Amino acid sequence: MSAKAIHQKELFGHPIGLYVLFFTEMWERFSYYGMRAILVLYLVAEATADNPGLGWSNGEALSLYGTYTMLVYVASIPGGIIADKLLGQRKSVLLGGLLLVAGHSILAIEQLWAFYSGLGLIISGVGMLKPNISTMVGGLYKKGDIRRDKGFTIFYIGINVGAFLSSLIVGYVGEVYGWHYGFGLAGIGMALGLIQYVVGQKHLKHVGNYLGSSKNEEEKAAMKAPLTKIEKDRIVVLFISFLLVIVFWGAFEQAGGLMNIYAKDNTNRMLMGFEVPASWFQSLNAMFIIFLGTTVAAYWANRKLKGKLSTSLFKMILGLIIMGTGFFFMSAASSQFESTGSSAMFWLVLAYLFHTIGELCISPVALSYITKLAPVKYASIMMGVYFAMTGFGNKLAGLLGEASEKLGEFTIFTGIAGFCVVFGILIMIFRKKLEYLTHGAEDNERIINDEAEGFELADN
């Protein structure tokens, strides 16, 4: 199905609206990852220290971290429902941005009530913004446009520019000058993103609108028609692919929890007389994405144009296996620590490199995949379900981090690596049968530079 075609101005081969969303998400992720970089460190810092925290145990901190990051993404389901049934994606992103500015600002207050209130507002804000801004990216491209995957990778680089800067800036300010100064700085970043989003609205008027108020009869009909057999099959494939998402993020999100604490407690962080702050290691993932993102996307696009295997499901499975392999480096780090009482920084660097390559094969690809398969009337809801699955993965990450206190880091890291590789191989065995159920959603993709559809997601 299609909407009235609208010509879009382009920059570097993509709609200008992509860059508006790029910078909005960049600043939103600056605020989120900045706060995430210091959250666990703030929780475990002694209440009587020069930079006082809450003095929690590692297990208590990782438990809250897992619950918080789970709720942040589970909130994407009501956020998607509100967008699809009431506000539309564009207005929902604006509301989410306002809630995030309020949440991060309140965290700057040194009171326990402010801490929990701020987390609650951030959860609500991310729930409104995250699924809807991602769905809007898909709406910028016509059905069958091979640039869609590249567009999502560019968008994803925006996420990681924000994450890279925040881990360095907010992490440093939080650890050196005070945790609440770091929280407040994250709020300033989100305010900049919100201003940029409002200013760039002229490039987004044709995407993210509430279809229930559309004047286009075809769009209105799409909201009322029952799901077809093809749409139902595609939803089944999406939900199965979400299993990969849960496992991936359950492993990957050790970055903000167990790997963060491991960097602080067990790693020799001295470099030419300077002690590298533990929070800085989280910037490695973002840095690698910035440098490797377009290269990985171009590699897969070229494979597609040459007729080689490059389906979204294949990329996602391979991404899980590559990321899982990275945990073997953490196993080596743990082994070295047990032998010598310290482990080298390069183990963390190698682990984050493999995690990044795996992430580039699964995360932006999954976002694009949803916009290819999701029925139009469930666009934001399905994106919300995806982010909810990442939330469950985050909670799983917290549980695994807690288990390390009893089982030890070596056992947890090695177990994660082995499970990810084996699970990926098992899904690979059924890949062709699953792809059959997509009914050719990724067939005949090509470069389309002329127009984009304002709301189209899946072909009926």
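Only a predicted model underlies this, so the values are computations on that prediction, with no experimental measurement involved. Atoms considered below: every heavy atom in the structure, side chains included; atoms not considered: hydrogens, waters and symmetry mates.
Of the possible donor and acceptor atoms, none in the side chain of S368 sits under 3.5 Å from a partner among the backbone N and O of V365. Using a distance-only test at 3.5 Å, with no hydrogens or angles considered, no donor-acceptor pair links the side chain of Q111 to the main chain of L107. Under a 3.5 Å cut-off, the side chain of N268 and the backbone N or O of M270 do form a donor-acceptor pair. Without hydrogens or angle criteria, Q89 side chain to I133 main chain gives no donor-acceptor distance under 3.5 Å. Using a distance-only test at 3.5 Å, with no hydrogens or angles considered, a donor-acceptor pair links the side chain of S76 to the main chain of Y73. Although no hydrogens or angles enter the test, the distance criterion places no donor-acceptor pair under 3.5 Å between the side chain of R234 and the main chain of A374. Checking side-chain atoms of S310 against main-chain N and O of K308 turns up a donor-acceptor pair under 3.5 Å. Looking only at distances, no side-chain donor or acceptor of R29 sits under 3.5 Å from a matching main-chain atom of G158. Distance alone, capped at 3.5 Å, places no donor-acceptor pair between the N266 side chain and the S334 backbone. Using a distance-only test at 3.5 Å, with no hydrogens or angles considered, no donor-acceptor pair links the side chain of T414 to the main chain of S331.
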Notebook entry, point to check: Given the rule in the side chain to side chain donor-acceptor pair (under 3.5 Å) test, do Y369 and S241 qualify, once you have shown the distances and angles that lead to the verdict?
Noted result: CA-CA 10 Å; Y369 200 42; S241 71; over 6 Å; no
Notebook entry, point to check: Is there a side chain to side chain donor-acceptor pair (under 3.5 Å) between S343 and Y262 once you walk through the steps?
Noted result: CA-CA 10 Å; S343 65; Y262 187 91; 3.2 Å; yes
Margin query: Between L43 and L39, does the side chain to side chain contact (heavy atoms under 4.5 Å, CB included) criterion hold? Intermediate values first, please.
Written below: CA-CA 6 Å; L43 292 174; L39 177 60; 4.2 Å; yes
Item checked: Residues F288, V349; criterion side chain to side chain contact (heavy atoms under 4.5 Å, CB included); working and verdict -> CA-CA 10 Å; F288 286 139; V349 175; 4.1 Å; yes
Next item on the list: Walk me through it: do L353 and F329 pass the test side chain to side chain contact (heavy atoms under 4.5 Å, CB included)?
Entry: CA-CA 10 Å; L353 174 61; F329 293 114; over 6 Å; no
Notebook entry, point to check: Are T311 and E435 close enough, and set up right, to give a side chain to side chain donor-acceptor pair (under 3.5 Å), and what steps lead you there?
Noted result: CA-CA 8 Å; T311 61; E435 289 175 348; 2.4 Å; yes
Margin query: Show, in sequence, the C-alpha distance, side-chain angles and deciding distance for L119 and L71, and conclude whether the side chain to side chain contact (heavy atoms under 4.5 Å, CB included) test is met.
Written below: CA-CA 10 Å; L119 291 184; L71 291 176; over 6 Å; no
Next item on the list: Quick one: do K395 and T69 satisfy side chain to side chain donor-acceptor pair (under 3.5 Å)? Show the steps, please.
Entry: CA-CA 7 Å; K395 181 58 180 176; T69 51; over 6 Å; no
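Once rounded to the nearest 0.5 Å, the distance linking CZ of F248 with CD of E253 reads 9.0 Å. Note: F252 CZ to M259 CE = 8.5 Å, rounded to the nearest 0.5 Å. The distance from atom CD1 of I425 to atom CD1 of I317, rounded to the nearest 0.5 Å, is 10.5 Å. Distance NE2/H14 to CZ/R148: 12.5 Å, rounded to 0.5 Å. Interatomic distance, I188 CD1 to H104 NE2, rounded to the nearest 0.5 Å: 12.0 Å. Atom CD1 of I416 is separated from atom CE of M323 by 8.0 Å, given to the nearest 0.5 angstrom.
Side-chain contact between I322 and I362 is absent, with no heavy-atom pair separated by less than 4.5 Å. When side chains are defined from C-beta on, Q201 counts as touching R90, because their heavy atoms get closer than 4.5 Å. Contact check for L21 versus V93: no side-chain heavy atoms found under the 4.5 Å cut-off. Looking only at side-chain heavy atoms (C-beta outward), D265 and N58 come within less than 4.5 Å of each other. Taking 4.5 Å as the limit, some side-chain heavy atom of L292 sits within range of a side-chain heavy atom of L360. In this structure, the side chains of L204 and V207 come closer than 4.5 Å at one or more pairs of heavy atoms. Here the side chains of W347 and T267 are not in contact, with every heavy-atom distance at 4.5 Å or above. Contact annotation: the side chain of Y32 never approaches that of S166 to less than 4.5 Å [non-hydrogen atoms, C-beta and beyond].
The two atoms that bring G184 and A108 nearest to each other are CA-CB, 3.8 Å, heavy atoms only. Residues E359 and P364 approach most closely at O-CD, 3.3 Å, considering heavy atoms. Residues G79 and N132 share a closest heavy-atom pair of O-ND2, 3.4 Å. What you find for I122 and L100 is that their closest heavy atoms are O-CD2, 3.7 Å. The nearest pair of heavy atoms linking S363 to W249 is OG-CZ2, 3.5 Å. In plain terms, the two heavy atoms of C420 and A251 that are nearest each other are SG-CB, 3.8 Å.
Ring orientation note: the planes of H355 and F327 are tilted relative to one another, at an angle of 30° to 60°. The aromatic rings of Y42 and F115 are tilted relative to each other, their planes meeting at an angle between 30° and 60°. Taking the six-membered ring where tryptophan is involved, the planes of F155 and F152 are perpendicular, since the angle between them exceeds 60° and thus also 30°. Taking the six-membered ring where tryptophan is involved, the planes of F183 and H180 are perpendicular, since the angle between them exceeds 60° and thus also 30°. A tilted orientation is assigned to the rings of F242 and Y386, their planes being inclined by 30° to 60°.
Residues K304 and D149 are not paired through a salt bridge, judged by the lack of any N-O separation under 4.0 Å between the basic side chain and the carboxylate.
No more than 12 heavy atoms of other residues, nucleotides or ligands shown are found within 6.0 angstrom of OH on Y177. The 12-atom threshold is not exceeded at CZ of F354, counting heavy atoms of other residues, nucleotides or ligands nearer than 6.0 Å. By the 6.0 Å contact criterion, OH on Y172 is open, its count of non-hydrogen atoms from other residues, nucleotides or ligands being 12 or less.
Between the side chains of W27 and Q196, not a single donor N or O lies within less than 3.5 Å of an accepting N or O.
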